[in-house]
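Take a look at the structure set out below.
Numbering of ligands and ligand atoms starts at 1, following listing order. Numbering starts at 1 and runs along the sequence shown.
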Amino acid sequence: VFSRDVSCIPYYEECQKTADWLLSRTKHKPKFAIICGSGLGMLAETLQDQEVFKYSDIPNFPQSTVQGHVGQLVFGELKRKACVYMQGRFHMYEGHSLYKVTFPVRVFKQLGVETLIVTNAAGSLADSYKVGDIMVIKDHVNFPGLAGYNALSGPNDERFGPRFPSMSDTYDKDLRGLALDLSIKLGYSHFVQEGVYCMVGGPNFETIAEARLLHKLGIDAVGMSTAPEVVVAKHCGLKVFGLSLITNQVLKEYGSNEAVNHEKVLEISKKRAGILQDFVTELVAQINSNNTN
Ligand SMILES: O=P(O)(O)O[C@H]1O[C@H](CO)[C@@H](O)[C@H]1O
Ligand code: HPA
C-alpha cells in the first residue's frame with residue numbers, strides 16, 4: 001500500500017502521459033497549482049474561464065473517496081494568472097500508495113507549474129489558536145515519513161530530483177513573508193498565525209495521549225495529509241506555500257463530552273472557505289506583482 005511497486009510502468013513516463021493528455025485538452029498553461037483541503041473545494045470558484053476534468057476521465061489518476069473532496073481538476077485564470085485547482089486530494093488512509101497520493105504533484109510539475117499552494121483542514125494543538133484561524137505553514141513534521149512511509153521511498157528518478165533532497169527550507173520564506181504582510185493589509189492578522197503542521201496517518205483522530213505528545217513536541221496543528229505532497233513538490237523543484245484552516249481544537253484533557261468528527265470539520269471549512277479563497281486569490285496576484293515567483 002505504501003510504496004511504489006517497482007515492476008509497474010515507469011513513473012516518469014506515466015506522469016508525462018497524463019500531463020500531455022491534459023495539455024492537449026486545455027488552453028491554460030498553469031504556473032500555480034492549488035490543492036483544496038477537506039471541504040475547501042469552493043476555493044476554485046473564483047477561477048475565470050474554467051475547464052474541468054473529472055479524475056475518472058484523466059488517465060492514470062486515482063479517485064477521491066472522502067466526503068468533501070469532489071474529485072476533479074479545474075483549470076482557469078485567477079487575476080489573469082493561469083492556475084490549476086485540485087478539488088479533492090488523496091490520502092494515505094484511503095489505501096492509496098504514496099506514489100498515487102503524490103502523482104498529481106508530479107503531473108503539475110510536468111504541466112509547467114512553478115508554485116504549489118497546499119491547503120488543509122487541521123486540528124489545533126497550539127493553546128493560542130482558535131477555530132476558524134488560518135495558519136501559514138512554516139514547517140512540518142512528517143510522522144509517516146519519519147517512520148519510513150515516505151513518498152520518495154523506492155527507486156529515485158533523477159529526472160524528478162535528487163535521491164537525498166534537503167527539506168530545511170521547504171515552505172518558501174518569501175511567500176510566507178508575503179502572506180503575513182498580506183494578512184495585515186487584508187485586516188486578517190488577528191486570525192492568521194504561522195506554525196508547524198504535523199501529518200499523522202489517520203484516519204482516526206488523536207487520542208488524548210497522542211494529542212499531549214504532539215503538543216509537547218511543539219506542533220501547532222495536526223492533519224492527515226499535505227506532507228507527502230510537499231515533500232514530492234520540493235523534490236521536483238516546486239516552490240511551496242501552505243495554509244491550514246483550524247477546524248477544531250484537539251482535545252488534550254480527559255473527561256470532556258466534546259469530540260471531533262469529519263462533519264464538524266467540513267462545517268467549519270464551509271464557513272471559512274470564502275476567507276481562504278480571498279487570501280489565496282490576493283496572494284497569487286501579489287506573487288506576480290512582487291516578482292517573488
Ligand atoms: O487534510 P485534509 O484533506 O484537508 O483533511 C483533513 O480533514 C480530514 C478529517 O476530518 C482528514 O482527511 C484530514 O487530513
Ligand atoms: O484534529 C484533527 N486531527 C487530525 N486531522 C484533522 N483534520 C482536521 N482536524 C483534524
Side-chain angles (χ1 to χ4, degrees), residues 33-44 55 62-72 85-96 98 100-102 104-105 116-127 129-135 137 140-145 149 151 193 195-215 217 219-231 233 240 242-253 256 258-273 276-277 280:
I34 295 98
I35 301 181
C36 303
S38 280
L40 295 170
M42 71 158 282
L43 294 183
Y55 293 167
Q63 304 309 311
S64 293
T65 68
V66 184
Q67 199 199 344
H69 291 264
V70 178
Q72 56 191 25
Y85 277 66
M86 212 178 139
Q87 275 185 324
R89 63 148 53 88
F90 308 112
H91 306 84
M92 194 173 86
Y93 64 73
E94 292 173 79
H96 297 298
L98 286 175
K100 278 287 179 190
V101 166
T102 55
V105 175
L116 177 72
I117 299 178
V118 284
T119 67
N120 60 52
S124 85
L125 292 147
D127 297 320
Y129 290 9
K130 297 176 299 303
V131 169
D133 282 0
I134 293 171
M135 184 183 85
I137 306 177
H140 73 221
V141 173
N142 180 4
F143 258 120
Y149 300 125
Q193 318 279 355
V196 174
Y197 175 87
C198 173
M199 180 201 179
V200 292
N204 61 279
F205 292 101
E206 295 65 43
T207 65
I208 303 287
E210 286 164 350
R212 289 178 173 189
L213 172 74
L214 297 176
H215 184 242
L217 291 177
I219 283 150
D220 297 302
V222 59
M224 308 168 195
S225 70
T226 302
E229 297 151 357
V230 165
V231 164
V240 177
L243 292 175
S244 291
L245 172 65
I246 303 302
T247 52
N248 57 285
Q249 311 270 8
V250 181
L251 284 181
K252 299 195 284 284
E253 300 301 328
S256 165
E258 301 259 314
V260 63
N261 60 49
H262 190 53
E263 287 64 41
K264 285 186 192 166
V265 167
L266 293 181
E267 189 188 314
I268 301 297
S269 295
K270 206 171 154 196
K271 264 195 199 148
R272 299 294 282 173
L276 225 74
Q277 191 182 47
V280 170

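Of the listed residues (L43, I35, V70), just one forms a side-chain contact (heavy atoms from CB on, under 4.5 Å) with Q87, and that residue is V70. Under the side-chain contact (heavy atoms from CB on, under 4.5 Å) test applied with V240, the options T226, V230, V105 reduce to a single match, V230.
Considering only non-hydrogen protein atoms, atom 14 (O) of ligand 1 sits nearest to M224 N, 2.9 Å. For atom 6 (C) of ligand 2, the closest non-hydrogen atom on the protein side is V222 O, 3.6 Å. Looking at atom 7 (O) of ligand 1, its nearest protein heavy atom turns out to be S38 OG, 3.3 Å. Residue, atom and distance of the protein heavy atom nearest to atom 1 (O) of ligand 1 are S225 OG, 2.5 Å.
Between G223 and ligand 1, not a single N/O pair is under 3.5 Å apart. Here's the thing with H91: one of its N/O atoms is less than 3.5 angstrom from an N/O atom of ligand 1. Residue G37 has no N or O atom closer than 3.5 Å to an N or O atom of ligand 1. For ligand 1, the polar-atom distance check finds an N/O of H262 within less than 3.5 Å of one of the ligand's N/O atoms.
When heavy-atom distances to ligand 2 are checked against a 4.0 Å cut-off, S38 has no atom that comes that close, whether in backbone or side chain. Residue V265 touches ligand 1 through its side chain alone, judged by heavy-atom distances below 4.0 Å.
Shown in contact with R89 at under 4.0 Å from a heavy atom are these atoms of ligand 1, numbered in order with element: 1 (O), 2 (P), 3 (O), 4 (O). Residue Y93 approaches ligand 1 through these ligand atoms, each under 4.0 Å from one of its heavy atoms: 11 (C), 12 (O). Below 4.0 Å from some heavy atom of T247 lie the following atoms of ligand 2, by number and element: 8 (C), 9 (N). For ligand 1, the atoms sitting less than 4.0 Å from at least one non-hydrogen atom of N120 are 1 (O), 4 (O), numbered in the order shown with element in parentheses. Within ligand 2, counting atoms from 1 as listed, the ones closer than 4.0 Å to a heavy atom of V250 are 1 (O). Ligand 2 places these atoms under 4.0 Å from at least one heavy atom of E206: 1 (O), 2 (C), 3 (N), 4 (C). Atoms of ligand 2 lying under 4.0 Å from any heavy atom of G223, numbered from 1 in the order shown and given with element: 4 (C), 5 (N), 6 (C). For ligand 2, the atoms sitting less than 4.0 Å from at least one non-hydrogen atom of N248 are 1 (O), 2 (C), 8 (C), 9 (N), 10 (C), numbered in the order shown with element in parentheses.
Taking the six-membered ring where tryptophan is involved, the planes of F90 and Y55 are tilted, since the angle between them lies from 30° to 60°.
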query: Yes or no on side-chain contact (heavy atoms from CB on, under 4.5 Å) for Y93 and S225, after CA distance, side-chain angles and deciding distance?
result: CA-CA 9 Å; Y93 64 73; S225 70; over 6 Å; no
field: Worked verdict on N120 versus R89 for side-chain contact (heavy atoms from CB on, under 4.5 Å)
entry: CA-CA 10 Å; N120 60 52; R89 63 148 53 88; 3.8 Å; yes
- prompt: Between H262 and V66, does a side-chain contact (heavy atoms from CB on, under 4.5 Å) hold up when you go through it step by step?
  reply: CA-CA 10 Å; H262 190 53; V66 184; 3.9 Å; yes
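Looking at heavy atoms from C-beta onward, F143 lies in side-chain contact with L217 at the 4.5 angstrom threshold. When side chains are defined from C-beta on, E263 counts as touching Q67, because their heavy atoms get closer than 4.5 Å. Inter-residue side-chain proximity for E253 and I208 is flagged as unmet; no heavy-atom pair is nearer than 4.5 Å.
The heavy-atom pair separating L245 from G132 by the smallest distance is CD1-O, 3.8 Å.
Look at V260 and you'll find every heavy atom at least 4.0 Å from all atoms of ligand 2.
Environment of NZ in K270: sparse, with no more than 12 heavy atoms of neighbouring residues, nucleotides or ligands closer than 6.0 Å.
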